[in-house]
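Everything below concerns the one structure shown next.
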Amino acid sequence: MPTAVSLFSGCGGSDAGLRAAGFEVLLANDIAPYARDLYVANLPETDFRLCPVEEIRVFPAADLLVGCYPCQGFSVGGTRDPDNTMNFLYREFDRALRSIKPKAFIVENVSGMIRASHRHLLNNQITRFRLAGYRVWHNVLDAKDFGVAQERVRLFLVGIRSDIIETYEFPMKNIDTDRRKIRKIVTIQDAIGDLPEWPDKDEYDAQPFHWYYLSRNRWRDWNECARTIVANSRHVALHPISPPLVRVHTDSWKFKFDGPARRFSYRETSRLQGFRADLEFPDTAGVRAKYQVIGNAVPPPLFQAVAQSIPNIW
């Protein structure tokens with residue numbers, strides 16, 4: 001079984017995808033305590049280090065290195081700050097890459113990095129990885145094209161060590177290359193249709209729908225994919241049992257009719273992210289932390305598809 005080291009692992013979305021692709025994850029790392037708790041509860045075989053990545057001085061030998069280092073300063077949604085120090089954590093990934101010298105690597109990041117105004121940062125990363133001895137490919141993928149019931153556009157970089165004579169091709173959307181067949185588009189109904197329409201109140205954010213929440217359409221029907229799952233529980237989209245929203249004017253929406261309405265629960269967001277149905281949520285943090293780690297995660301089926309498309313170099 002090929003082995004992997006995972007950095008900036010969060011609650012384990014990338015690593016659940018790696019396990020499904022046939023990898024053993026030797027080491028994982030993050031700084032968020034509840035991300036660690038959820039990860040360890042569901043992937044207990046991995047050595048999880050709760051610390052800044054800078055504190056890891058020795059890495060185990062591995063075939064694959066993966067990293068989902070944050071670059072919030074280049075996110076398409078939310079506040080953008082190009083000077084945010086988190087935008088440069090790729091340098092720590094580069095340090096690990098040069099230390100481990102794996103056969104391949106995978107990086108996942110926000111799609112906003114491909115914008116012309118931010119492209120210099122992407123080019124800097126690619127240059128660093130090439131100087132470390134890797135040929136690098138990059139592409140933007142949408143999770144809904146890979147068996148996930150959610151629109152989630154992300155940038156991926158894949159590298160193969162230069163001494164290995166293989167090339168990388170990104171997985172084709174809606175094609176399950178493992179089973180050699182067309183992949184069915186997964187809907188909200190498919191992902192959460194078996195769950196109660198009204199879970200316990202401690203499973204969803206019941207705060208009022210303030211003006212900012214109603215500044216955009218946050219409703220989708222059962223037969224559609226969900227909008228992007230976000231980390232801020234207050235901004236999580238509406239469950240389909242809620243009344244639809246209709247546009248009043250620019251940046252203003254209202255409910256089409258009066259009726260009970262609620263956000264997706266954190267358990268529902270995990271399903272919409274593509275986590276397994278029986279994901280265990282330890283009771284070591286509140287509801288907002290549970291939403292946050294799921295909203296920050298990589299959809300496991302998407303990461304699995306990217307990993308499985310690496311040639312058999314193991």
Side-chain angles (χ1 to χ4, degrees), residues 13 16-17 20 76-77 141-154 173-176 179 181-210 212-248 252-281 287-288 290-305:
V76 173
L141 304 177
D142 191 334
K144 70 179 176 58
D145 297 325
F146 299 91
V148 180
Q150 171 202 181
E151 296 173 348
R152 193 179 192 89
V153 178
R154 289 295 184 268
K173 68 179 185 179
N174 298 328
I175 301 295
D176 188 333
R179 294 181 173 83
K181 65 179 183 181
I182 297 175
R183 180 185 285 110
K184 176 183 178 292
I185 296 297
V186 182
T187 66
I188 297 173
Q189 176 69 45
D190 296 326
I192 66 170
D194 61 315
L195 294 176
E197 288 190 349
W198 289 93
D200 294 338
K201 280 202 170 182
D202 61 357
E203 285 203 3
Y204 66 92
D205 190 321
Q207 295 182 77
F209 304 114
H210 53 81
Y212 182 80
Y213 189 88
L214 294 175
S215 68
R216 64 195 70 183
N217 185 8
R218 299 182 189 269
W219 184 87
R220 288 280 175 87
D221 206 348
W222 285 104
N223 62 354
E224 298 178 280
C225 290
R227 293 181 178 276
T228 300
I229 299 301
V230 297
N232 186 328
S233 64
R234 199 174 184 185
H235 297 161
V236 167
L238 290 165
H239 189 281
I241 63 168
S242 308
L245 293 174
V246 293
R247 186 175 181 273
V248 179
S252 179
W253 296 71
K254 68 177 182 178
F255 288 106
K256 189 173 183 178
F257 53 82
D258 291 334
R262 70 168 177 88
R263 299 169 178 85
F264 287 115
S265 71
Y266 64 77
R267 192 174 305 279
E268 289 163 343
T269 62
S270 75
R271 295 269 199 103
L272 295 170
Q273 278 273 54
F275 282 91
R276 69 175 198 250
D278 62 347
L279 191 71
E280 181 181 343
F281 286 88
V287 63
R288 294 184 185 181
K290 293 173 182 176
Y291 273 111
Q292 184 177 36
V293 298
I294 292 297
N296 284 332
V298 186
L302 175 57
F303 211 89
Q304 177 184 353

Do the side chains of [Y] and [X] get nearer than 4.5 Å, heavy atoms only?
{"X": "Val298", "Y": "Arg154", "answer": "no"}
{"X": "Cys225", "Y": "Ile185", "answer": "yes"}
{"X": "Phe209", "Y": "Leu245", "answer": "no"}

Item checked: Intermediate values then yes/no, side chain to side chain contact (heavy atoms under 4.5 Å, CB included), Val287 and Asp202 -> CA-CA 7 Å; Val287 63; Asp202 61 357; over 6 Å; no
[X] [atom1] to [Y] [atom2] distance, which is reported to the nearest 0.5 Å:
{"X": "Asn232", "Y": "Arg288", "atom1": "CG", "atom2": "CZ", "answer": "8.0 Å"}
{"X": "Gln207", "Y": "Tyr213", "atom1": "CD", "atom2": "OH", "answer": "11.0 Å"}
{"X": "Gln150", "Y": "Leu302", "atom1": "CD", "atom2": "CG", "answer": "9.5 Å"}
{"X": "Glu203", "Y": "Arg262", "atom1": "CD", "atom2": "CZ", "answer": "9.0 Å"}
{"X": "Arg247", "Y": "Leu214", "atom1": "CZ", "atom2": "CG", "answer": "14.0 Å"}
{"X": "Thr269", "Y": "Ile294", "atom1": "OG1", "atom2": "CD1", "answer": "5.5 Å"}

Check [X] against [Y] and note the closest heavy-atom contact, atom names and distance.
{"X": "Gln273", "Y": "Pro301", "result": "O-CD, 4.1 Å"}
{"X": "Trp219", "Y": "Pro243", "result": "CD1-O, 3.8 Å"}
{"X": "Ser265", "Y": "Tyr291", "result": "CA-OH, 3.4 Å"}
{"X": "Asp190", "Y": "Lys184", "result": "OD2-NZ, 2.6 Å"}
{"X": "Ala297", "Y": "Arg152", "result": "O-NH2, 3.4 Å"}
{"X": "Pro244", "Y": "Phe257", "result": "CD-CE2, 3.7 Å"}

Is a side-chain N or O of [X] found less than 3.5 angstrom from the main chain of [Y], in a donor-acceptor match?
{"X": "Arg234", "Y": "Asp205", "result": "no"}
{"X": "Arg263", "Y": "Tyr204", "result": "no"}
{"X": "Asp221", "Y": "Asn223", "result": "no"}
{"X": "Arg227", "Y": "Asn217", "result": "yes"}

Checklist line | side chain to side chain contact (heavy atoms under 4.5 Å, CB included) between Val230 and Val236, intermediate numbers included | finding: CA-CA 6 Å; Val230 297; Val236 167; 4.1 Å; yes
Checklist line | Test side chain to side chain contact (heavy atoms under 4.5 Å, CB included) applied to Arg218 and His235, step by step | finding: CA-CA 9 Å; Arg218 299 182 189 269; His235 297 161; 4.0 Å; yes
Next item on the list: Just say parallel, tilted or perpendicular for the rings of His210 and Tyr212, cut-offs at 30° and 60°.
Entry: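 Aromatic pair His210/Tyr212 classed parallel.
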Donor-acceptor pairs under 3.5 angstrom involving side-chain atoms of residues 191-200: please list them, not counting sequence neighbours.
residue	atom	partner	partner atom	Å
Asp194	OD1	Arg271	NH1	2.9
Asp194	OD2	Arg271	NH2	3.3

